[in-house]
Amino acid sequence: MTRRLHISSSANDRVKRLRRLLRNARRDGLFVVHGHRAIRRALDAGAPVRELYTAPELHLGGADAAIAADAERAGAEVVWLSRESFLSL
């Protein structure tokens with residue numbers, strides 16, 4: 001069983017870093033993908049997904065959990081956020 005990082009606070013340093021990344025991704029040479037369809041396409045294309053942030057409380061069906069599992073198998077670090085911390089992004 002894979003051990004996952006769970007974050008429940010929007011004041012967590014990883015969440016703060018993610019907020020900065022969302023504002024400055026292009027400047028830092030990174031690309032941020034939003035939404036399950038775009039993430040699925042990136043994974044299917046073999047894009048190097050480094051991190052995936054997801055909030056299981058907001059999953060609308062099995063597709064979101066499957067994407068998280070696929071990202072993890074592809075080597076991405078999957079970080080589980082609480083609903084509140086995810087919505088703070």
Side-chain angles (χ1 to χ4, degrees):
M1 181 172 166
T2 302
R3 186 158 188 245
R4 293 187 180 108
L5 178 61
H6 293 261
I7 297 175
S8 59
S9 171
S10 60
N12 180 281
D13 287 339
R14 292 277 300 252
V15 174
K16 290 178 182 178
R17 182 178 62 87
L18 182 56
R19 275 194 217 104
R20 283 190 303 274
L21 174 65
L22 291 169
R23 286 192 304 268
N24 303 306
R26 288 187 186 262
R27 185 191 74 198
D28 295 342
L30 300 171
F31 188 77
V32 177
V33 178
H34 298 272
H36 71 271
R37 287 185 189 108
I39 295 167
R40 168 57 60 205
R41 284 194 295 266
L43 288 168
D44 289 348
V49 177
R50 292 172 30 185
E51 297 175 353
L52 178 82
Y53 291 84
T54 186
E57 294 173 79
L58 299 174
H59 288 181
L60 298 176
D64 294 326
I67 288 170
D70 290 347
E72 204 165 48
R73 276 192 294 279
E77 178 184 11
V78 176
V79 180
W80 298 85
L81 301 177
S82 68
R83 178 184 193 278
E84 293 77 22
S85 58
F86 190 87
L87 293 175
S88 77
L89 300 171

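Just so it is clear, the structure is predicted and the values come from calculations on it, not from any experiment. Just so it is clear, the values below take in all heavy atoms, side chains as well, and ignore hydrogens, waters and symmetry mates.
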Closest approach of Ser10 and Ser88, non-hydrogen atoms and distance? CB-OG, 3.4 Å
Of all heavy-atom pairs between Val33 and Ala38, which one has the smallest distance, and what is that distance? CG1-CB, 3.3 Å
Looking at CZ of Arg23 and CG of Leu18, how far apart are the two atoms once the value is rounded to the nearest 0.5 Å? 10.0 Å
Out of curiosity, His36 NE2 to Asp64 CG, how far, rounded to the nearest 0.5 Å? 6.0 Å
Hey, are the side chains of Leu22 and His34 touching, using non-hydrogen atoms and a 4.5 Å cut-off? yes
Counting only heavy atoms from other residues, nucleotides and ligands, does the tally under 6.0 Å from CZ of Arg19 exceed 12? yes
Which heavy atom in Ser9 sits nearest to a heavy atom in Val15, and how many Å separate them? O-CG2, 3.8 Å
To the nearest 0.5 Å, tell me how far Leu21 CG sits from Tyr53 OH. 8.0 Å
One should read off an interatomic distance between Arg17 CZ and Asn12 CG, to the nearest 0.5 angstrom, of 10.0 Å
Rounded to the nearest 0.5 Å, how far does CZ of Arg14 lie from CG of Leu81? 9.0 Å
Listed by chain and number, what are the side chain to side chain contact (heavy atoms under 4.5 Å, CB included) partners of Ala55, not counting sequence neighbours? Leu58, Phe86
Are Arg40 and Asp70 side-chain neighbours, meaning at least one heavy-atom pair lies under 4.5 Å? yes
Thr54 side, atom OG1; His59 side, atom NE2 - distance, nearest 0.5 Å: 2.5 Å
Leu52: which of Leu43, Val79, Ile39 passes side chain to side chain contact (heavy atoms under 4.5 Å, CB included): Ile39
Set of residues satisfying side chain to side chain contact (heavy atoms under 4.5 Å, CB included) with respect to His6, sequence neighbours excluded: Arg4, Trp80
